[in-house]
Amino acid sequence: MNKNAIPETIFNIIQSYRHAMRTELQANQLGLNGMHVRCLIFIQQHHQCTANDIVHHFSKDKAQVARLIKEMILNDWIAKAPHPDDKRSQLLSLTEQGTKLSQEIQKAQQNIQAKMQQDLTEEQIQTFIQVAQKLQKNLS
């Protein structure tokens, strides 16, 4: 067995997934990147979301998240509102356009997941998930 088979396989899966998502969403026309996708879904799922929540959840630095939020506001995907309990932070929420985009993202994710699972048994899927989780735990 090739000693680099696992890293190469993981890399190829990631690249194929990214390509499929970009194609499905027509991401280039939207100016959408991977972190935009992840943040839009995170904001949709966390109704009391702040920039600090994104920093902690994705382990990104504050400056990077601030730039990302600024881009998403300029694209009219998210809006800021004062936090009722913390005057130092602001709540992030999806705009109407951001909500539509996050719904498109979720639909694309479902379509791609269905493609990935094509011709796999439930047992194979569970085995893959267990092995992937073990690999991730070994790296933690």
Side-chain angles (χ1 to χ4, degrees):
M1 180 174 94
N2 177 354
K3 65 181 178 179
N4 293 321
I6 292 174
E8 286 177 14
T9 301
I10 292 169
F11 180 78
N12 290 336
I13 291 170
I14 292 168
Q15 289 301 103
S16 295
Y17 183 81
R18 283 183 180 161
H19 178 73
M21 280 294 291
R22 293 189 73 72
T23 301
E24 185 89 17
L25 290 170
Q26 299 175 335
N28 290 336
Q29 287 104 334
L30 297 173
L32 193 62
N33 68 36
M35 275 307 295
H36 291 138
V37 168
R38 295 175 73 197
C39 284
L40 287 167
I41 296 301
F42 183 81
I43 293 167
Q44 179 191 35
Q45 294 171 344
H46 298 85
H47 300 289
Q48 294 286 311
C49 179
T50 66
N52 206 34
D53 294 330
I54 294 171
V55 166
H56 292 296
H57 182 77
F58 294 111
S59 300
K60 300 291 182 186
D61 65 73
K62 289 180 183 180
Q64 184 179 9
V65 170
R67 285 189 301 275
L68 185 70
I69 289 171
K70 184 178 179 181
E71 289 172 11
M72 292 192 296
I73 289 171
L74 289 173
N75 285 318
D76 193 32
W77 297 335
I78 65 170
K80 287 183 185 179
H83 194 295
D85 302 326
D86 184 356
K87 301 298 180 211
R88 297 170 297 154
S89 68
Q90 296 181 318
L91 294 176
L92 304 174
S93 61
L94 298 178
T95 61
E96 185 177 329
Q97 187 174 342
T99 300
K100 288 178 185 174
L101 184 55
S102 70
Q103 290 168 346
E104 289 177 34
I105 290 167
Q106 288 179 320
K107 184 178 178 188
Q109 288 174 328
Q110 290 170 351
N111 292 342
I112 292 166
Q113 184 170 333
K115 286 180 188 177
M116 289 184 349
Q117 293 178 355
Q118 204 172 299
D119 301 326
L120 295 175
T121 66
E122 187 61 36
E123 185 179 335
Q124 289 172 318
I125 293 167
Q126 289 305 315
T127 299
F128 171 79
I129 291 169
Q130 290 169 350
V131 170
Q133 288 172 340
K134 177 99 171 137
L135 291 171
Q136 182 181 11
K137 184 179 176 187
N138 289 346
L139 294 174
S140 298

Donor + acceptor pair across side chains of Thr50, Asp53 (<3.5 Å):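 On atom types as modelled, these side chains qualify, holding a pair under 3.5 Å.
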
Distance-only side-chain donor-acceptor flag, Gln130 / Gln126, under 3.5 Å: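 Per modelled atom types, Gln130 and Gln126 side chains form no pair under 3.5 Å.
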
Kindly compute the distance separating [atom1] ([X]) from [atom2] ([Y]), expressed to the nearest 0.5 Å.
{"X": "Leu25", "Y": "Gln109", "atom1": "CG", "atom2": "CD", "value": "8.0 Å"}
{"X": "Ile69", "Y": "Met35", "atom1": "CD1", "atom2": "CE", "value": "9.5 Å"}
{"X": "Asn75", "Y": "Leu101", "atom1": "CG", "atom2": "CG", "value": "9.0 Å"}
{"X": "Ile112", "Y": "Arg18", "atom1": "CD1", "atom2": "CZ", "value": "13.0 Å"}
{"X": "His83", "Y": "Leu91", "atom1": "NE2", "atom2": "CG", "value": "4.5 Å"}
{"X": "His47", "Y": "Leu94", "atom1": "NE2", "atom2": "CG", "value": "9.0 Å"}

Is the shortest heavy-atom distance from the side chain of [X] to the side chain of [Y] under 4.5 Å?
{"X": "Lys60", "Y": "Val55", "result": "no"}
{"X": "Gln106", "Y": "Gln44", "result": "yes"}
{"X": "Gln45", "Y": "Ile41", "result": "yes"}
{"X": "Trp77", "Y": "Leu32", "result": "yes"}
{"X": "Glu24", "Y": "Lys115", "result": "yes"}
{"X": "Leu68", "Y": "His36", "result": "yes"}
{"X": "Met21", "Y": "Ile105", "result": "yes"}

Hey, any chance [X] and [Y] share a hydrophobic cluster, counting ILVMFWY side chains that come within less than 4.5 Å of each other, even indirectly?
{"X": "Ile10", "Y": "Val131", "value": "yes"}
{"X": "Phe128", "Y": "Tyr17", "value": "no"}
{"X": "Ile78", "Y": "Leu74", "value": "no"}

Pair Asn52-Lys62, side chain to side chain contact (heavy atoms under 4.5 Å, CB included): steps then yes or no: CA-CA 8 Å; Asn52 206 34; Lys62 289 180 183 180; 4.2 Å; yes

Identify the two heavy atoms, one from [X] and one from [Y], that lie closest to each other, and give their separation to 0.1 Å.
{"X": "Phe58", "Y": "Cys39", "answer": "CE1-SG, 4.1 Å"}
{"X": "Cys49", "Y": "Ile54", "answer": "SG-CG1, 4.0 Å"}
{"X": "Ser102", "Y": "Thr99", "answer": "OG-O, 2.9 Å"}

Thr95 side-chain N/O to Asp76 backbone N/O, donor-acceptor pair under 3.5 Å: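 A pair under 3.5 Å: yes.
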
Backbone N/O of Ala114 and side chain of Gln117: donor-acceptor pair under 3.5 Å: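 Such a contact is absent between Gln117 side chain and Ala114 backbone.
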
From CA spacing to verdict: side chain to side chain contact (heavy atoms under 4.5 Å, CB included), His19, Arg22: CA-CA 5 Å; His19 178 73; Arg22 293 189 73 72; 5.7 Å; no

Glu104/Lys100 under salt bridge (charged side-chain N to carboxylate O under 4.0 Å, His left out): CA gap, chis, key distance, verdict: CA-CA 6 Å; Glu104 289 177 34; Lys100 288 178 185 174; over 6 Å; no

Neighbour count >12 (heavy atoms, 6.0 Å) for atom CD, Gln15: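 Yes, enclosed.
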
